[in-house]
Number of protein chains: 2
Amino acid sequence: MTDAALHIHPTGHDHAACVDEALETAETLCVERGARLTPLRRRVLELVWSSHRPVGAYDILGKLDDGARKPAPPTVYRALDFLIEHGLVHRIESMNAYLGCNHPEQSHTGQFLICRECGNVTEMDDEDVRQTLRRRAAEKGFEVRSQTVELVGLCANCKAG
Amino acid sequence: MTDAALHIHPTGHDHAACVDEALETAETLCVERGARLTPLRRRVLELVWSSHRPVGAYDILGKLDDGARKPAPPTVYRALDFLIEHGLVHRIESMNAYLGCNHPEQSHTGQFLICRECGNVTEMDDEDVRQTLRRRAAEKGFEVRSQTVELVGLCANCKAG
DNA sequence: GTATGGCCTGATACACTGTATCATACTACA
DNA sequence: TGTAGTATGATACAGTGTATCAGGCCATAC
Ligand SMILES: [Zn+2]
Ligand SMILES: [Zn+2]
Ligand SMILES: [Zn+2]
Ligand SMILES: [Zn+2]
């Protein structure tokens, strides 16, 4: 966490707490599931959580370079695959970027609110939306298995400011 | 249109009619708007419409190679940009691919039903869905400007078959 | 008719994103 | 310990998209 990253956060909140909580939840979850949150995966998760803006795989890759080791792309993508599989991270399709999930307990498909002003993305986990999509698609004979919903616009902060 | 392409179409319909209608609508629309549907752009639109499956930019690029001229990537991307700008083509974010729009008259953001079995994609233009998304996001203080909705599942054909 | 300016296309080079493959290291368990 | 399964390192490459400059086409103005 750099100071530079701090000021872009939605409400000037204590983002270190976000990160801590995310990492702890991840630990717990992985233990429960017998999944291995290795140091690398943990580090990647931490880097994804470095802000509330989606992070590119190659950004992560760059930050993994701690002088001695310079990981290669597959290293990051494999870690991301793991994290996504366990619901700890979401991929934002329209941005080719990755975002930490803040309620990974129950597997889910969220809806993402992408602010075009500040770049912050918040996840909306709305059952009404899910149902509506499923129902309307079903009326066309289509059985939905997974949903990608990404909305671009203005967040509350940026509307106010 | 090859025979090979025919059998993947949703209902064994006359796809040539789809293409003809799409091209004619595009012509009309561009005339109305004073936009120039050049031979290249028309050809790219035709190629996008070669099936009801999204087409990659480089697939189009390959098919533009008519022996003599071998266009470069920017040629295709510029044509696609034009077509997207005029609502004639949609980009499917989760597939990095492009799909012809079958009702480009009113500019819109559709919802896309992607069959994971046959690969066909149909566009659902549901105002209820749009409203629900806008409303639910607004309840979180978020003002929606554009929507990306891509649902993966099974189409009516593939469920039956 | 020529000139000017805007738009469209050609062409080269490059940036960004993601994967295939094989080798090595580590872990868990028998 | 031995062994199978998993995780990471490393190299190379595939797929997707863009920056930039040059040339060509067309319309309007002079
Ligand atoms: Zn935070
Ligand atoms: Zn914002
Ligand atoms: Zn058709
Ligand atoms: Zn299908």
Side-chain angles (χ1 to χ4, degrees), chain A residues 26-27 29-48 53-86 88-99 119 148 150, chain B residues 26-27 30-31 33-48 53-86 88-99 119 148 150:
Chain A
E27 299 266 19
L29 219 82
C30 286
V31 168
E32 282 174 14
R33 296 178 187 170
R36 294 170 57 189
L37 187 63
T38 64
L40 174 64
R41 288 167 176 170
R42 194 190 147 92
R43 177 86 181 110
V44 170
L45 181 57
E46 193 182 354
L47 288 171
V48 168
R53 295 191 289 197
V55 182
Y58 279 74
D59 291 340
I60 296 171
L61 194 53
K63 291 181 189 166
L64 279 180
D65 188 0
D66 56 349
R69 302 177 184 179
K70 173 67 177 178
T75 299
V76 165
Y77 282 103
R78 284 186 294 223
L80 286 172
D81 286 346
F82 171 88
L83 296 170
I84 290 171
E85 197 170 345
H86 287 281
L88 299 165
V89 163
H90 293 291
R91 175 182 161 82
I92 307 299
E93 299 291 344
S94 59
M95 299 179 72
N96 296 331
Y98 304 85
L99 181 73
T148 298
E150 300 174 6
Chain B
E27 299 267 17
C30 286
V31 167
R33 297 179 187 170
R36 295 171 56 189
L37 188 63
T38 64
L40 175 64
R41 289 166 174 172
R42 194 191 146 92
R43 177 86 182 108
V44 169
L45 181 57
E46 193 182 352
L47 288 172
V48 168
R53 294 190 290 195
V55 182
Y58 279 73
D59 291 340
I60 295 170
L61 193 54
K63 291 181 188 166
L64 279 179
D65 187 359
D66 57 350
R69 302 177 184 178
K70 172 67 176 178
T75 299
V76 165
Y77 282 103
R78 284 186 294 226
L80 286 172
D81 286 347
F82 171 88
L83 295 170
I84 290 171
E85 198 170 345
H86 287 281
L88 298 166
V89 163
H90 292 290
R91 175 181 161 84
I92 307 298
E93 299 290 346
S94 59
M95 299 178 72
N96 296 331
Y98 305 85
L99 181 73
T148 297
E150 300 174 6

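Naming: A, B, ... by sequence-line order, numbering from 1 per chain.
In this structure, B/Phe82 and B/Arg36 approach most closely via the heavy-atom pair CZ-O, 3.6 Å. When all heavy atoms of A/Leu88 and A/Leu45 are compared, the pair lying nearest together is O-CD1, 4.0 Å. Taking each heavy atom of B/Pro54 and B/Gly119 in turn, the nearest pair found is CD-O, 3.8 Å. When every heavy atom of B/Leu99 is checked against every heavy atom of B/Val48, the shortest pair comes out as C-CG1, 3.6 Å. Heavy-atom minimum distance, A/Asp65 versus A/Lys70: OD2-CD, 3.4 Å.
Rounding to the nearest 0.5 Å gives a distance of 6.5 Å between CG of A/Leu64 and CG of A/Leu40. Between the CZ atom of A/Arg43 and the NZ atom of A/Lys63 there is a distance of 9.0 Å, given to the nearest 0.5 Å. For the atom pair NE2 (A/His86) and CZ (A/Arg41), the distance works out to 7.0 Å, reported to the nearest 0.5 Å.
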Completion exercise
Letter by letter from the 5' end, nucleotides 18-29 of chain C scores (B base, S sugar-phosphate only, - none; protein heavy atoms under 4.0 Å) BBBB-----S--
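Comparing the helix axis at one end of the helix from C/dG1-D/dC30 to C/dA30-D/dT1 with that at the other, each defined from 5 consecutive pairs, gives an inter-axis angle of 20° (nearest 10°).
Atom CD of A/Glu93 is separated from atom C1' of C/dT17 by 13 Å (rounded to the nearest Å). When the P atom of C/dG10 is taken as reference, atom CZ of B/Arg43 falls 14 Å away, rounded to whole Å. A straight line from CG of B/Leu37 to P of C/dC8 spans 11 Å, rounded to a whole angstrom. Taking atom CD1 of A/Ile60 as the reference point, atom P of C/dT17 lies 11 Å away to the nearest angstrom. Between the C1' atom of D/dA14 and the CG atom of B/Asp59 lies a distance of 13 Å, rounded to the nearest Å. Separating the CG atom of B/Leu61 from the P atom of C/dT12 is a distance of 14 Å, rounded to the nearest angstrom. Atoms CG (B/Leu64) and P (C/dT9) sit 11 Å apart, rounded to a whole Å. When rounded to the nearest whole Å, the span between NE2 of B/His86 and C1' of C/dC7 equals 12 Å.
Look at A/Thr75 and you won't find any side-chain N or O under 4.0 angstrom from OP1 or OP2 of D/dA10.
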Exercise for the section: Dump the intermediate steps for side chain to side chain donor-acceptor pair (under 3.5 Å) on A/Ser94 and A/Glu150, then the final yes or no. Expected result: CA-CA 7 Å; A/Ser94 59; A/Glu150 300 174 6; 2.5 Å; yes
